[in-house]
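Here the structure is laid out as C-alpha coordinates; the discussion comes afterwards.
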Amino acid sequence: MAGTPQNMILSRIRLCNFRNHTATSIEFGDGINAFLGENGQGKTNILEAVSYLSLTKSFYASGDAEVIGIGGEAFDLEGTLVSDAGVHHQVRVACTRMPQEKKFLVNGTPPGRLADVIGRFPVVVLSPENGSITFGGPAERRKFMDLTLSQVSGAYLEDILEYRKALRQRNRILADNRTRGTLPPGVIEPWTESLVAYGSRIAHRRALFAAEFRSHILNAYRSIMPEAENPGINYLCGFETKEGDDVRGYAARLSADLEARNPEERRRGLTLAGPHRDDLRLTINAMDVQRFASQGQHKTLLVALKIAEYSYMRERHNETPMFLLDDVFSELDKARVHRILAFAGGLGQVMITTTEGTVFGRSVAWGNHNRRFAVERGTCSQEA
Amino acid sequence: MLYTSEALQQLIEEFSRLPGIGRKSAQRIALFILKRPREEVVRMAKALVNVKDRIRYCSVCCNITEQDPCAICASPKRDRTIICVVEEPNDVIALERTDEFRGMYHVLGGSLSPLDGIGPEELKVKELLMRVNTDVAEVILAMNPNVEGEATTIYLTRLLKPLGVRVSRIARGLPVGGDLEFADEATLSRALEGRISL
(Lines give C-alpha, C1' and ligand atoms only; values in the text may rest on other atoms or scores of the structure.)
Protein backbone atom coordinates (compact mmCIF):
# COMPACT_ATOMS: atom_id res chain seq x y z
CA MET A 1 0.00 0.00 0.00
CA ALA A 2 3.02 2.27 -0.40
CA GLY A 3 2.34 5.71 -1.73
CA THR A 4 -0.84 6.58 0.15
CA PRO A 5 0.07 8.99 2.92
CA GLN A 6 -1.71 8.15 6.15
CA ASN A 7 -1.05 8.09 9.88
CA MET A 8 1.40 5.68 11.38
CA ILE A 9 -0.56 2.81 12.90
CA LEU A 10 -0.03 -0.42 14.72
CA SER A 11 -2.11 -2.78 12.58
CA ARG A 12 -1.74 -5.89 14.72
CA ILE A 13 -0.04 -7.19 17.84
CA ARG A 14 0.59 -10.59 19.36
CA LEU A 15 1.25 -10.95 23.09
CA CYS A 16 2.77 -14.14 24.40
CA ASN A 17 3.19 -14.63 28.16
CA PHE A 18 3.00 -10.90 28.71
CA ARG A 19 1.58 -10.21 32.19
CA ASN A 20 -1.80 -12.02 32.23
CA HIS A 21 -1.98 -12.45 28.44
CA THR A 22 -0.76 -15.96 27.62
CA ALA A 23 -1.63 -15.76 23.93
CA THR A 24 -3.52 -12.73 22.70
CA SER A 25 -3.74 -11.44 19.15
CA ILE A 26 -5.36 -8.15 18.24
CA GLU A 27 -6.13 -6.51 14.90
CA PHE A 28 -6.40 -2.77 15.50
CA GLY A 29 -8.49 -0.18 13.68
CA ASP A 30 -6.72 2.94 12.42
CA GLY A 31 -8.91 5.25 14.54
CA ILE A 32 -10.09 4.82 18.12
CA ASN A 33 -9.53 1.42 19.70
CA ALA A 34 -11.38 0.99 22.98
CA PHE A 35 -10.56 -1.75 25.47
CA LEU A 36 -13.43 -2.40 27.84
CA GLY A 37 -13.49 -4.61 30.89
CA GLU A 38 -13.48 -4.81 34.67
CA ASN A 39 -10.44 -3.93 36.73
CA GLY A 40 -7.56 -6.41 36.63
CA GLN A 41 -8.61 -8.11 33.38
CA GLY A 42 -5.56 -6.97 31.36
CA LYS A 43 -6.59 -3.77 29.54
CA THR A 44 -3.60 -1.70 30.58
CA ASN A 45 -1.28 -4.61 29.81
CA ILE A 46 -2.21 -4.26 26.14
CA LEU A 47 -1.18 -0.59 26.14
CA GLU A 48 1.97 -1.56 28.00
CA ALA A 49 2.80 -4.03 25.23
CA VAL A 50 2.34 -1.28 22.64
CA SER A 51 4.69 0.90 24.68
CA TYR A 52 7.33 -1.87 24.56
CA LEU A 53 7.26 -1.88 20.76
CA SER A 54 7.77 1.88 20.68
CA LEU A 55 9.88 2.77 23.72
CA THR A 56 11.50 -0.66 24.31
CA LYS A 57 10.02 -0.61 27.82
CA SER A 58 6.86 -0.17 29.83
CA PHE A 59 5.48 3.30 30.47
CA TYR A 60 5.11 2.19 34.06
CA ALA A 61 8.29 2.07 36.06
CA SER A 62 8.27 -1.72 36.00
CA GLY A 63 11.28 -3.83 35.18
CA ASP A 64 11.30 -6.28 32.28
CA ALA A 65 11.12 -9.32 34.56
CA GLU A 66 7.93 -8.07 36.21
CA VAL A 67 5.94 -8.11 33.00
CA ILE A 68 6.74 -11.74 32.23
CA GLY A 69 3.61 -13.76 32.94
CA ILE A 70 3.51 -15.51 36.33
CA GLY A 71 5.25 -18.88 36.14
CA GLY A 72 6.57 -18.09 32.66
CA GLU A 73 10.22 -17.94 31.64
CA ALA A 74 9.94 -15.35 28.86
CA PHE A 75 7.58 -12.99 27.11
CA ASP A 76 7.37 -12.37 23.41
CA LEU A 77 5.69 -9.46 21.66
CA GLU A 78 5.28 -8.94 17.96
CA GLY A 79 3.62 -6.11 16.13
CA THR A 80 3.19 -4.76 12.63
CA LEU A 81 3.64 -1.01 12.37
CA VAL A 82 2.72 0.81 9.21
CA SER A 83 4.53 4.13 8.78
CA ASP A 84 3.03 7.38 7.50
CA ALA A 85 4.43 6.51 4.09
CA GLY A 86 2.76 3.09 4.18
CA VAL A 87 5.89 1.02 4.85
CA HIS A 88 5.36 -2.09 6.99
CA HIS A 89 7.73 -2.84 9.88
CA GLN A 90 7.76 -6.02 11.93
CA VAL A 91 8.81 -5.20 15.46
CA ARG A 92 9.52 -7.91 17.97
CA VAL A 93 10.53 -7.78 21.64
CA ALA A 94 11.46 -10.93 23.48
CA CYS A 95 12.65 -11.04 27.05
CA THR A 96 13.81 -13.97 29.17
CA ARG A 97 13.83 -14.10 32.96
CA MET A 98 16.98 -16.19 33.55
CA PRO A 99 19.32 -14.83 32.42
CA GLN A 100 17.48 -11.55 32.10
CA GLU A 101 17.94 -10.67 28.49
CA LYS A 102 15.93 -8.49 26.14
CA LYS A 103 15.99 -8.84 22.40
CA PHE A 104 14.61 -6.15 20.15
CA LEU A 105 14.22 -6.78 16.44
CA VAL A 106 13.01 -4.46 13.70
CA ASN A 107 12.31 -6.45 10.56
CA GLY A 108 14.42 -9.28 11.92
CA THR A 109 17.53 -7.24 12.71
CA PRO A 110 18.55 -5.78 16.05
CA PRO A 111 19.15 -2.03 16.19
CA GLY A 112 22.68 -0.94 17.16
CA ARG A 113 21.47 0.05 20.61
CA LEU A 114 18.03 0.13 22.22
CA ALA A 115 18.28 3.93 22.28
CA ASP A 116 18.32 3.90 18.46
CA VAL A 117 14.70 2.68 18.47
CA ILE A 118 13.38 5.61 20.52
CA GLY A 119 11.49 7.95 18.25
CA ARG A 120 11.15 5.57 15.31
CA PHE A 121 7.59 4.68 16.25
CA PRO A 122 6.55 7.66 18.36
CA VAL A 123 3.97 7.28 21.10
CA VAL A 124 2.23 9.56 23.60
CA VAL A 125 0.92 7.91 26.77
CA LEU A 126 -1.55 9.31 29.26
CA SER A 127 -1.93 7.08 32.31
CA PRO A 128 -3.05 7.67 35.92
CA GLU A 129 0.61 7.69 36.95
CA ASN A 130 1.17 10.83 34.89
CA GLY A 131 -0.76 12.75 37.54
CA SER A 132 2.61 13.31 39.14
CA ILE A 133 3.54 15.66 36.27
CA THR A 134 1.28 18.35 37.73
CA PHE A 135 1.27 17.13 41.37
CA GLY A 136 4.75 15.74 41.86
CA GLY A 137 8.30 16.98 42.09
CA PRO A 138 10.51 18.51 39.39
CA ALA A 139 11.91 15.10 38.37
CA GLU A 140 8.50 14.17 36.96
CA ARG A 141 8.42 17.25 34.75
CA ARG A 142 11.98 16.67 33.56
CA LYS A 143 10.93 13.13 32.65
CA PHE A 144 8.02 14.58 30.68
CA MET A 145 10.34 16.90 28.72
CA ASP A 146 12.89 14.13 28.15
CA LEU A 147 10.39 11.60 26.86
CA THR A 148 8.92 14.13 24.43
CA LEU A 149 12.21 15.58 23.21
CA SER A 150 13.98 12.20 23.00
CA GLN A 151 11.36 10.94 20.59
CA VAL A 152 11.77 14.05 18.45
CA SER A 153 15.56 14.37 18.53
CA GLY A 154 18.12 11.58 18.68
CA ALA A 155 20.83 14.15 19.42
CA TYR A 156 18.92 15.25 22.52
CA LEU A 157 18.59 11.67 23.77
CA GLU A 158 22.31 11.17 23.21
CA ASP A 159 23.11 14.33 25.20
CA ILE A 160 20.84 13.21 28.07
CA LEU A 161 22.48 9.78 28.28
CA GLU A 162 25.99 11.25 28.21
CA TYR A 163 25.10 14.00 30.67
CA ARG A 164 23.83 11.44 33.18
CA LYS A 165 27.07 9.48 32.90
CA ALA A 166 29.24 12.57 33.29
CA LEU A 167 27.11 13.69 36.25
CA ARG A 168 27.47 10.33 38.01
CA GLN A 169 31.24 10.40 37.50
CA ARG A 170 31.53 13.96 38.74
CA ASN A 171 29.36 13.26 41.77
CA ARG A 172 31.57 10.31 42.62
CA ILE A 173 34.64 12.56 42.64
CA LEU A 174 32.87 15.06 44.90
CA ALA A 175 31.58 12.32 47.22
CA ASP A 176 35.03 10.68 47.45
CA ASN A 177 36.51 14.07 48.18
CA ARG A 178 34.08 14.58 51.03
CA THR A 179 34.95 11.28 52.68
CA ARG A 180 38.69 11.39 52.00
CA GLY A 181 39.17 15.14 52.04
CA THR A 182 41.65 15.24 49.16
CA LEU A 183 40.98 16.38 45.65
CA PRO A 184 44.13 16.35 43.52
CA PRO A 185 44.31 19.31 41.14
CA GLY A 186 42.95 18.78 37.65
CA VAL A 187 40.83 15.74 38.51
CA ILE A 188 37.38 17.29 38.53
CA GLU A 189 37.86 19.84 35.72
CA PRO A 190 37.51 17.42 32.77
CA TRP A 191 34.17 16.24 34.14
CA THR A 192 33.04 19.79 34.72
CA GLU A 193 33.91 20.62 31.13
CA SER A 194 31.98 17.59 29.80
CA LEU A 195 29.04 18.40 32.05
CA VAL A 196 28.97 21.95 30.72
CA ALA A 197 29.12 20.80 27.09
CA TYR A 198 26.21 18.35 27.37
CA GLY A 199 24.31 20.37 29.99
CA SER A 200 24.27 23.61 28.01
CA ARG A 201 22.87 21.86 24.94
CA ILE A 202 20.18 20.16 27.03
CA ALA A 203 19.15 23.37 28.81
CA HIS A 204 19.07 25.34 25.58
CA ARG A 205 16.88 22.69 23.95
CA ARG A 206 14.52 22.55 26.92
CA ALA A 207 14.15 26.33 27.02
CA LEU A 208 13.29 26.28 23.33
CA PHE A 209 10.85 23.43 23.95
CA ALA A 210 8.98 25.33 26.67
CA ALA A 211 8.64 28.34 24.39
CA GLU A 212 7.44 26.26 21.44
CA PHE A 213 5.14 24.22 23.65
CA ARG A 214 3.22 27.25 24.95
CA SER A 215 0.92 27.60 21.95
CA HIS A 216 0.32 23.83 21.83
CA ILE A 217 -0.82 23.71 25.42
CA LEU A 218 -3.03 26.76 24.98
CA ASN A 219 -4.77 25.18 21.99
CA ALA A 220 -5.11 21.84 23.74
CA TYR A 221 -6.54 23.39 26.88
CA ARG A 222 -9.08 25.36 24.85
CA SER A 223 -10.17 22.26 22.98
CA ILE A 224 -11.28 20.49 26.17
CA MET A 225 -12.10 23.49 28.35
CA PRO A 226 -13.59 26.41 26.42
CA GLU A 227 -13.91 28.63 29.52
CA ALA A 228 -11.51 31.51 29.75
CA GLU A 229 -8.68 29.94 31.69
CA ASN A 230 -5.12 30.54 30.60
CA PRO A 231 -2.60 27.75 31.06
CA GLY A 232 1.09 28.65 31.11
CA ILE A 233 4.39 26.82 30.98
CA ASN A 234 7.78 28.23 31.89
CA TYR A 235 11.19 26.68 31.89
CA LEU A 236 13.08 27.05 35.16
CA CYS A 237 16.72 26.35 34.42
CA GLY A 238 18.90 24.57 37.00
CA PHE A 239 21.49 27.34 36.74
CA GLU A 240 21.57 31.09 36.19
CA THR A 241 20.52 32.03 32.65
CA LYS A 242 19.51 35.08 30.73
CA GLU A 243 16.84 35.24 28.06
CA GLY A 244 18.15 35.22 24.52
CA ASP A 245 21.30 33.26 25.38
CA ASP A 246 22.52 30.84 22.73
CA VAL A 247 24.15 27.49 23.55
CA ARG A 248 27.49 29.20 24.10
CA GLY A 249 25.88 31.66 26.48
CA TYR A 250 24.36 28.77 28.41
CA ALA A 251 27.71 27.04 28.57
CA ALA A 252 29.46 30.15 29.90
CA ARG A 253 26.78 30.62 32.58
CA LEU A 254 26.72 26.99 33.69
CA SER A 255 30.50 27.05 33.87
CA ALA A 256 30.46 30.22 36.00
CA ASP A 257 27.70 28.83 38.21
CA LEU A 258 29.63 25.64 38.91
CA GLU A 259 32.71 27.69 39.65
CA ALA A 260 30.82 29.85 42.14
CA ARG A 261 29.30 26.85 43.90
CA ASN A 262 32.54 24.93 44.07
CA PRO A 263 33.10 25.32 47.85
CA GLU A 264 29.52 24.27 48.58
CA GLU A 265 29.77 21.35 46.15
CA ARG A 266 32.87 20.12 47.93
CA ARG A 267 31.20 20.43 51.28
CA ARG A 268 28.07 18.57 50.21
CA GLY A 269 29.72 16.14 47.80
CA LEU A 270 27.21 16.84 45.02
CA THR A 271 26.91 18.67 41.71
CA LEU A 272 24.70 21.66 42.48
CA ALA A 273 24.08 23.33 39.13
CA GLY A 274 22.95 21.94 35.80
CA PRO A 275 19.88 20.70 33.95
CA HIS A 276 19.46 17.82 36.45
CA ARG A 277 17.96 20.54 38.68
CA ASP A 278 15.62 21.96 36.01
CA ASP A 279 11.89 22.33 36.45
CA LEU A 280 8.87 23.42 34.45
CA ARG A 281 6.54 25.92 36.06
CA LEU A 282 2.93 25.12 35.19
CA THR A 283 0.33 27.80 35.77
CA ILE A 284 -3.37 28.48 35.25
CA ASN A 285 -4.23 32.18 35.03
CA ALA A 286 -0.68 32.90 36.21
CA MET A 287 -1.26 30.92 39.45
CA ASP A 288 1.02 28.01 40.34
CA VAL A 289 -0.79 24.77 39.54
CA GLN A 290 1.03 22.81 42.21
CA ARG A 291 -0.19 25.07 44.98
CA PHE A 292 -3.46 26.57 43.84
CA ALA A 293 -5.21 24.37 41.30
CA SER A 294 -8.30 22.28 42.05
CA GLN A 295 -8.43 18.54 41.33
CA GLY A 296 -10.42 19.23 38.18
CA GLN A 297 -7.90 21.80 36.97
CA HIS A 298 -5.04 19.37 37.61
CA LYS A 299 -6.71 16.69 35.55
CA THR A 300 -7.69 19.05 32.75
CA LEU A 301 -4.19 20.48 32.57
CA LEU A 302 -2.69 17.00 32.50
CA VAL A 303 -4.90 15.92 29.61
CA ALA A 304 -4.09 19.21 27.85
CA LEU A 305 -0.34 18.63 28.39
CA LYS A 306 -0.61 15.23 26.77
CA ILE A 307 -2.71 16.46 23.86
CA ALA A 308 -0.16 19.25 23.42
CA GLU A 309 2.66 16.68 23.52
CA TYR A 310 0.83 14.82 20.79
CA SER A 311 0.40 17.85 18.55
CA TYR A 312 3.98 18.98 19.25
CA MET A 313 5.34 15.61 18.21
CA ARG A 314 3.09 15.41 15.19
CA GLU A 315 4.38 18.78 14.04
CA ARG A 316 8.04 17.89 14.52
CA HIS A 317 8.16 14.22 13.65
CA ASN A 318 7.74 12.68 10.24
CA GLU A 319 5.60 9.92 11.75
CA THR A 320 2.22 10.49 13.41
CA PRO A 321 2.41 9.31 17.01
CA MET A 322 0.08 6.74 18.53
CA PHE A 323 -1.95 8.04 21.44
CA LEU A 324 -2.47 5.72 24.41
CA LEU A 325 -5.08 6.79 26.98
CA ASP A 326 -5.09 4.56 30.04
CA ASP A 327 -8.15 4.95 32.23
CA VAL A 328 -8.35 8.73 31.88
CA PHE A 329 -12.10 9.30 31.98
CA SER A 330 -12.74 8.19 35.56
CA GLU A 331 -12.52 11.62 37.18
CA LEU A 332 -13.76 13.81 34.36
CA ASP A 333 -17.28 15.11 33.83
CA LYS A 334 -19.33 14.09 30.80
CA ALA A 335 -18.83 17.34 28.90
CA ARG A 336 -15.05 17.05 29.08
CA VAL A 337 -15.05 13.36 28.18
CA HIS A 338 -17.18 14.23 25.17
CA ARG A 339 -14.77 16.94 24.06
CA ILE A 340 -11.73 14.71 24.53
CA LEU A 341 -13.38 11.99 22.45
CA ALA A 342 -14.34 14.45 19.74
CA PHE A 343 -10.75 15.62 19.71
CA ALA A 344 -9.33 12.08 19.71
CA GLY A 345 -11.53 11.24 16.72
CA GLY A 346 -9.56 13.73 14.65
CA LEU A 347 -6.15 12.24 15.53
CA GLY A 348 -4.31 9.24 14.20
CA GLN A 349 -4.53 5.92 15.98
CA VAL A 350 -5.80 6.15 19.55
CA MET A 351 -6.05 3.39 22.14
CA ILE A 352 -8.27 3.86 25.16
CA THR A 353 -8.89 1.65 28.19
CA THR A 354 -11.93 2.14 30.38
CA THR A 355 -14.14 0.19 32.74
CA GLU A 356 -17.14 2.26 31.70
CA GLY A 357 -18.21 1.53 28.11
CA THR A 358 -21.02 4.02 28.36
CA VAL A 359 -18.59 6.99 28.32
CA PHE A 360 -18.47 6.72 24.55
CA GLY A 361 -22.24 7.27 24.20
CA ARG A 362 -22.87 8.35 20.64
CA SER A 363 -19.56 10.20 20.26
CA VAL A 364 -17.88 7.33 18.42
CA ALA A 365 -19.14 5.40 15.40
CA TRP A 366 -17.90 1.81 15.82
CA GLY A 367 -16.95 -0.27 12.80
CA ASN A 368 -13.74 -0.91 10.89
CA HIS A 369 -12.10 2.44 11.62
CA ASN A 370 -13.05 2.62 15.33
CA ARG A 371 -13.03 -0.72 17.11
CA ARG A 372 -14.23 -1.94 20.46
CA PHE A 373 -12.67 -4.84 22.34
CA ALA A 374 -13.78 -6.76 25.41
CA VAL A 375 -10.90 -7.68 27.71
CA GLU A 376 -11.50 -10.50 30.16
CA ARG A 377 -8.99 -12.51 32.18
CA GLY A 378 -6.12 -12.07 29.79
CA THR A 379 -8.10 -12.45 26.57
CA CYS A 380 -9.21 -9.81 24.13
CA SER A 381 -12.00 -10.11 21.59
CA GLN A 382 -13.42 -7.56 19.18
CA GLU A 383 -17.02 -6.53 19.81
CA ALA A 384 -19.42 -5.86 16.98
CA MET B 1 24.04 -27.58 37.61
CA LEU B 2 25.85 -30.77 38.59
CA TYR B 3 28.55 -32.36 36.47
CA THR B 4 29.88 -35.89 36.88
CA SER B 5 33.43 -34.60 37.13
CA GLU B 6 34.82 -31.92 39.34
CA ALA B 7 37.66 -31.23 36.90
CA LEU B 8 35.17 -30.58 34.12
CA GLN B 9 33.08 -28.33 36.32
CA GLN B 10 36.15 -26.31 37.28
CA LEU B 11 37.14 -25.86 33.63
CA ILE B 12 33.64 -24.71 32.71
CA GLU B 13 33.70 -22.18 35.52
CA GLU B 14 37.06 -20.84 34.34
CA PHE B 15 35.84 -20.48 30.76
CA SER B 16 32.61 -18.78 31.73
CA ARG B 17 34.68 -15.99 33.28
CA LEU B 18 36.02 -15.04 29.85
CA PRO B 19 34.51 -11.96 28.19
CA GLY B 20 31.64 -12.78 25.84
CA ILE B 21 31.48 -16.42 27.00
CA GLY B 22 28.31 -17.56 28.73
CA ARG B 23 27.72 -20.75 30.66
CA LYS B 24 26.55 -22.70 27.63
CA SER B 25 29.51 -21.74 25.45
CA ALA B 26 31.87 -22.51 28.33
CA GLN B 27 30.40 -25.98 28.55
CA ARG B 28 30.75 -26.51 24.80
CA ILE B 29 34.40 -25.40 24.82
CA ALA B 30 35.23 -27.56 27.84
CA LEU B 31 33.75 -30.66 26.23
CA PHE B 32 35.58 -29.86 22.99
CA ILE B 33 38.87 -29.72 24.88
CA LEU B 34 38.12 -33.03 26.55
CA LYS B 35 37.95 -34.64 23.11
CA ARG B 36 41.26 -33.21 21.82
CA PRO B 37 44.55 -35.18 21.95
CA ARG B 38 46.59 -34.60 25.08
CA GLU B 39 49.53 -32.90 23.26
CA GLU B 40 47.23 -30.32 21.79
CA VAL B 41 45.78 -29.48 25.19
CA VAL B 42 49.24 -29.21 26.75
CA ARG B 43 50.27 -26.83 23.97
CA MET B 44 47.23 -24.71 24.67
CA ALA B 45 47.85 -24.68 28.42
CA LYS B 46 51.47 -23.66 27.82
CA ALA B 47 50.36 -20.82 25.57
CA LEU B 48 48.14 -19.57 28.37
CA VAL B 49 50.95 -19.62 30.92
CA ASN B 50 53.42 -18.09 28.44
CA VAL B 51 51.20 -15.10 28.00
CA LYS B 52 51.57 -14.38 31.68
CA ASP B 53 55.24 -15.29 31.98
CA ARG B 54 56.71 -13.73 28.87
CA ILE B 55 54.66 -10.63 28.37
CA ARG B 56 55.48 -7.42 30.18
CA TYR B 57 54.93 -3.76 29.64
CA CYS B 58 57.21 -1.74 27.38
CA SER B 59 59.10 0.74 29.52
CA VAL B 60 58.62 3.41 26.85
CA CYS B 61 55.05 3.18 25.53
CA CYS B 62 53.51 0.87 28.18
CA ASN B 63 52.19 -1.45 25.48
CA ILE B 64 52.40 -5.20 26.05
CA THR B 65 55.60 -6.76 24.70
CA GLU B 66 58.05 -9.65 25.03
CA GLN B 67 61.21 -7.58 24.69
CA ASP B 68 61.66 -4.24 26.28
CA PRO B 69 61.50 -1.82 24.56
CA CYS B 70 58.79 -3.17 22.25
CA ALA B 71 59.24 -3.68 18.52
CA ILE B 72 57.58 -0.37 17.67
CA CYS B 73 59.59 1.66 20.17
CA ALA B 74 62.80 -0.06 19.06
CA SER B 75 62.22 0.39 15.34
CA PRO B 76 64.47 3.00 13.67
CA LYS B 77 61.80 3.51 10.99
CA ARG B 78 59.28 5.14 13.30
CA ASP B 79 58.83 8.88 13.59
CA ARG B 80 59.76 9.80 17.14
CA THR B 81 58.32 13.30 16.97
CA ILE B 82 54.69 12.11 17.09
CA ILE B 83 53.06 10.19 19.93
CA CYS B 84 49.60 8.73 19.57
CA VAL B 85 47.91 8.14 22.94
CA VAL B 86 45.43 5.26 23.15
CA GLU B 87 43.50 3.53 25.92
CA GLU B 88 44.33 -0.15 25.39
CA PRO B 89 46.80 -2.42 23.51
CA ASN B 90 43.89 -3.37 21.21
CA ASP B 91 43.82 0.19 19.96
CA VAL B 92 47.47 -0.03 18.89
CA ILE B 93 46.68 -3.15 16.90
CA ALA B 94 43.76 -1.38 15.23
CA LEU B 95 45.83 1.68 14.34
CA GLU B 96 48.73 -0.45 13.08
CA ARG B 97 46.36 -2.24 10.73
CA THR B 98 45.73 1.04 8.95
CA ASP B 99 49.40 1.19 7.90
CA GLU B 100 48.99 4.98 7.94
CA PHE B 101 50.53 5.95 11.20
CA ARG B 102 54.33 5.84 11.40
CA GLY B 103 54.78 7.58 14.76
CA MET B 104 55.06 6.22 18.28
CA TYR B 105 52.34 5.09 20.69
CA HIS B 106 51.51 5.49 24.31
CA VAL B 107 49.09 3.08 26.00
CA LEU B 108 47.28 4.60 28.97
CA GLY B 109 45.75 1.36 30.19
CA GLY B 110 42.18 2.68 30.27
CA SER B 111 40.27 5.91 30.61
CA LEU B 112 39.28 8.08 33.57
CA SER B 113 36.27 6.70 35.43
CA PRO B 114 35.85 7.72 39.07
CA LEU B 115 32.91 5.31 39.40
CA ASP B 116 35.30 2.43 38.71
CA GLY B 117 37.97 3.94 40.91
CA ILE B 118 40.14 4.92 37.95
CA GLY B 119 41.80 8.29 38.37
CA PRO B 120 44.95 9.71 36.73
CA GLU B 121 47.11 7.71 39.18
CA GLU B 122 45.75 4.44 37.81
CA LEU B 123 46.66 5.36 34.23
CA LYS B 124 50.09 5.73 32.64
CA VAL B 125 49.84 9.51 32.64
CA LYS B 126 53.11 10.30 34.40
CA GLU B 127 54.95 8.05 31.95
CA LEU B 128 53.41 10.03 29.07
CA LEU B 129 54.44 13.39 30.50
CA MET B 130 58.00 12.10 30.97
CA ARG B 131 58.15 11.22 27.29
CA VAL B 132 57.04 14.62 26.05
CA ASN B 133 60.34 16.47 25.67
CA THR B 134 61.65 18.93 23.10
CA ASP B 135 61.95 16.21 20.43
CA VAL B 136 58.22 15.58 20.44
CA ALA B 137 56.30 17.89 18.12
CA GLU B 138 52.79 16.49 18.40
CA VAL B 139 50.65 14.35 20.66
CA ILE B 140 47.56 12.81 19.09
CA LEU B 141 44.81 11.81 21.50
CA ALA B 142 42.90 8.79 20.21
CA MET B 143 40.47 7.96 23.02
CA ASN B 144 37.18 6.12 22.59
CA PRO B 145 34.27 8.39 21.64
CA ASN B 146 32.40 8.05 24.94
CA VAL B 147 31.98 10.16 28.08
CA GLU B 148 35.03 8.66 29.81
CA GLY B 149 37.21 8.97 26.70
CA GLU B 150 36.10 12.57 26.34
CA ALA B 151 37.02 13.43 29.94
CA THR B 152 40.40 11.74 29.50
CA THR B 153 41.01 13.79 26.35
CA ILE B 154 40.19 17.00 28.21
CA TYR B 155 42.36 16.00 31.16
CA LEU B 156 45.40 15.21 29.02
CA THR B 157 44.96 18.32 26.88
CA ARG B 158 45.10 20.49 30.01
CA LEU B 159 48.34 18.80 31.08
CA LEU B 160 50.03 18.71 27.68
CA LYS B 161 49.26 22.16 26.30
CA PRO B 162 51.47 24.02 28.83
CA LEU B 163 54.40 21.83 27.74
CA GLY B 164 54.36 23.62 24.41
CA VAL B 165 53.61 20.55 22.33
CA ARG B 166 50.97 20.46 19.61
CA VAL B 167 47.95 18.51 20.89
CA SER B 168 45.38 17.08 18.49
CA ARG B 169 42.55 14.57 18.67
CA ILE B 170 41.30 12.11 16.09
CA ALA B 171 38.12 13.16 14.27
CA ARG B 172 34.74 11.86 15.34
CA GLY B 173 32.19 11.31 12.66
CA LEU B 174 30.93 9.27 9.80
CA PRO B 175 32.11 5.77 8.98
CA VAL B 176 33.71 5.33 5.57
CA GLY B 177 31.35 3.62 3.14
CA GLY B 178 28.32 4.76 5.14
CA ASP B 179 25.56 6.91 3.76
CA LEU B 180 25.03 10.38 5.15
CA GLU B 181 21.27 9.89 5.29
CA PHE B 182 21.58 6.83 7.53
CA ALA B 183 23.89 8.42 10.09
CA ASP B 184 22.34 9.02 13.49
CA GLU B 185 21.86 12.63 14.54
CA ALA B 186 24.48 12.62 17.28
CA THR B 187 27.21 11.30 14.97
CA LEU B 188 26.19 13.70 12.25
CA SER B 189 26.23 16.73 14.54
CA ARG B 190 29.68 15.74 15.89
CA ALA B 191 30.87 15.34 12.31
CA LEU B 192 29.59 18.83 11.52
CA GLU B 193 31.30 20.18 14.63
CA GLY B 194 34.60 18.67 13.51
CA ARG B 195 34.41 19.80 9.88
CA ILE B 196 37.65 20.88 8.20
CA SER B 197 38.20 23.72 5.76
CA LEU B 198 39.33 22.83 2.26
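Throughout, a chain's letter reflects where its sequence line sits, starting with A, and its residues are numbered from 1.
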The interface call for A:Tyr198 against chain B, heavy-atom contacts under 4.5 Å, is side chain

Item checked: Salt-bridge criterion met for A:Glu193 and B:Arg158 (N-O under 4.0 Å) -> yes

- Query: In this structure, are over 12 heavy atoms from other groups packed under 6.0 Å from B:Arg166 atom CZ?
  - Reply: no

Within 6.0 angstrom of B:Glu122 CD, more than 12 heavy atoms from elsewhere | yes

Nearest heavy-atom approach of A:Pro190 to B:Ala151 is CB-O, 3.2 Å

One should read off an interatomic distance between B:Glu150 CD and A:Lys165 NZ, to the nearest 0.5 angstrom, of 12.0 Å

Taking NZ in A:Lys102 as the centre, count heavy atoms belonging to other residues, nucleotides or ligands within less than 6.0 Å. Is the count above 12?
yes

Does A:Arg92 have more than 12 heavy atoms from other residues, nucleotides or ligands lying within 6.0 Å of its CZ?
no

Turns out that what part of B:Leu156 lies under 4.5 Å from chain A's heavy atoms comes down to neither

Interatomic distance, CH2@A:Trp191 vs CD1@B:Ile154, rounded to 0.5 Å, equals 8.5 Å

Honestly, the part of A:Arg201 sitting under 4.5 Å from a heavy atom of chain B is side chain

Hey, is CD on B:Glu100 packed in by over 12 heavy atoms from elsewhere, all under 6.0 Å?
no

*For B:Leu115, does its backbone N or O pair with a side-chain atom of A:Gln169 as donor and acceptor, under 3.5 Å?*
yes

**Asked** Just wondering, more than 12 heavy atoms not from A:Glu189 lying within 6.0 Å of its CD?
**Response** yes

So, the part of B:Glu121 with a heavy atom under 4.5 Å from chain A: the answer is neither

Check this for me: B:Phe101, atom CZ, are more than 12 non-hydrogen atoms of other residues, nucleotides or ligands nearer than 6.0 Å? yes

Applying a strict 4.5 Å limit to non-hydrogen atoms, the region of A:Asp159 in contact with chain B is side chain

Applying a strict 4.5 Å limit to non-hydrogen atoms, the region of A:Ser153 in contact with chain B is both

